[in-house]
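This report concerns only the one structure given below.
As the structure is a prediction and not an experimental result, all values here were calculated from the model. Numbered from 1 within each chain, the chains take letters A, B, ... in sequence-line order.
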Amino acid sequence: MINNYEILETIKMINEHHLDIRTITMGISLFDCIGATGKATARRVYEKIVNSAKDLVNVGNKISKMYGVPIVNNRVSVTPISIIGATHQNYVELAKALDRACSEINVNFIGGYTALVQKAATAFEDVFIDTIPEALATTERVCASLNIASTRAGINMDVVRKMGHIIKETARLTSHKSSIGCAKLVVFANAVDDNPFMAGAFHGVGEGDRIINVGVSGPGVVKTALESIPDGDLAQVCEVIKKTAFKVTRVGQLVARTASEMLNANFGIVDLSLAPTPAVGDSVAHILEEIGLESVGGAGTTACLALLNDAVKKGGIMASSHVGGLSGAFIPVSEDIGMINAANAGVLSIEKLEAMTAVCSVGLDMIAIPGDTSAEIISAIIADEASIGVVNNKTTAVRLIPAVGLKVGDFIEFGGLLGRAPIMSVSNISPLKFISRGGRIAAPLHSNRN
Amino acid sequence: MKAFITVIGKDKVGIIAQVSGLLAAEKINIEDISQTILAGQFTMIMAVSFSEGAKSFDEIARLLKEKGESMDLEISIRHMAIFEAMHRI
């Protein structure tokens, strides 16, 4: 029998420490939607999403009530649209179909306006990439992503070069809305097929027809648990994080199983990621500070984050039958009150964030930079970040917002879970020649594992 | 179906009577009940099971919430599965 202490602990974790299910994401395969005309494809894409996910929000609400745990988002990811639209190349029309479907089923974001171009882009993928700024500027809920590198393929520097311009153009076209298009555009190395989190979610080509992937959250729960051992050594710190991650992940597993049954879909994975929100008490930065840093961004930050990331995985992995997605700790600057404060105070730099991404998921995330940052500098930042992912055999990503008209010291507001961000300083030493060379950075030696 | 009901708030006359009265009327069996004062707050935990013919979980949750609001208490009900998932391997 469950005892009273355990019952009250659960209730406290939910009511006071922000334990929640961050997202139930339904992955939907669109391969069977490719029609004889572009119009037919768009219609079938819309119909399949609406038919598959029409009950997603209702089921989310039902599960939330049954277990008394908040489910913050219900979302959809789809097969990369660059492939689905390859024949007719009516990509923006497809983006609008995704947007309408999302609106119809009351889902706030849909991921999968995606191209997988880690080795090379085909002609249709080049066309697709060029449509990204317009697609993001003319839709509300569509999220775009690219895989531009992998440990097996190396780094596609031709696309990296192009993405500097695409990101700047997306910022320009959405400048009247805080350049929000860039918050919906992720550039990956080693992208995963089953990520439930936006903006980088897409439904991998090797996935089944309808899959439920769940992302849990709980930075506040981990921080509160650590407060109980202010003088514990680092082995104890790891133990506390592992135990907490186990409990949090078990809730994710329960919700994922229940949602899969209720939606007649297959259970995919639980993503263990600690995902912060801008709310007080829901910060990954504050966990690092609880471990013993004066502020995130100072010396010791990378070590604390590595410890946290590893302990979360060790605790979570036994709690779910299938762990996947990104599974680590997220460090999005604008979505974490501790990161925002540290960046604003000048103690957290983009260079330190880059080092942190070597030991956690996912990358340089939700970082606002001056609007006049050149395209080649943005490309070079992407190349640096992709190198970390490729060499370390892990996922990394870049989601930068070159905030039009703003400079270091200004703030940009996105609102909601996307939060607000100080404009961070970026080195303006020119990488123009390096980026202009193009070509492909070869896969590292250790990718040859066969 | 089994669930736990928790009642948290300021102690007053008739909490058990009011909550158990509602449950009896709704064909919900109380299997275990305990109460304590935690950090100055009255805390009651009930293990309950839904009998045949009981209303849906959602409906009972709504009735309990309303009861809580009328008595200035926080009353919630959660399916037992969430506690077992978190605390039992």
Can you measure from [atom1] ([X]) to [atom2] ([Y]) and round to the nearest 0.5 angstrom?
X: A:N4; Y: B:Q35; atom1: CG; atom2: CD; answer: 11.0 Å
X: B:R62; Y: A:K65; atom1: CZ; atom2: NZ; answer: 9.5 Å
X: A:L8; Y: B:T6; atom1: CG; atom2: OG1; answer: 7.5 Å
X: B:H87; Y: A:Y5; atom1: NE2; atom2: OH; answer: 8.5 Å

Does [atom1] belonging to [X] count more than 12 external heavy atoms closer than 6.0 Å?
X: B:K27; atom1: NZ; answer: no
X: A:M318; atom1: CE; answer: no
X: A:K54; atom1: NZ; answer: yes

Would you mind checking which part of [X] comes under 4.5 Å of any heavy atom in chain A, side chain (CB onward), backbone (N, CA, C, O), both or neither?
X: B:I77; result: backbone
X: B:E84; result: both
X: B:A61; result: neither
X: B:T43; result: side chain
X: B:F83; result: both

side-chain contact (heavy atoms from CB on, under 4.5 Å), paired with B:I82, selected from A:I63, A:T258, A:I2, A:I14: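 The passing option is A:I14.
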Strictly distance-based, threshold 3.5 Å: is any side-chain N or O of B:R78 a donor or acceptor partner for the main-chain N or O of A:V69?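 No, because the side chain of B:R78 does not come within donor-acceptor range (under 3.5 Å) of the backbone of A:V69.
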Heavy-atom contact with chain B under 4.5 Å, split by part of A:E9: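 Only the side chain of A:E9 comes within 4.5 Å of chain B.
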Among residues 232-247 of chain A, which ones touch chain B with a heavy-atom distance under 4.5 Å?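 Checking residues 232-247 of chain A against chain B gives A:F246, A:K247.
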With a strict 4.5 Å heavy-atom criterion, list every residue of residues 207-231 of chain A that contacts chain B, or say none.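 Within residues 207-231 of chain A, no residue comes under 4.5 Å from chain B.
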Taking every non-hydrogen pair under 4.5 Å, which of A:I7, A:V251, A:L254, A:N15 racks up the most with chain B?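 Among the listed options, the one with the most contacts to chain B is A:I7.
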Of all the heavy-atom pairs spanning A:K62 and B:D58, show the shortest one and how long it is.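 Looking at all heavy atoms of both residues, the shortest contact is CG-OD2, 4.2 Å.
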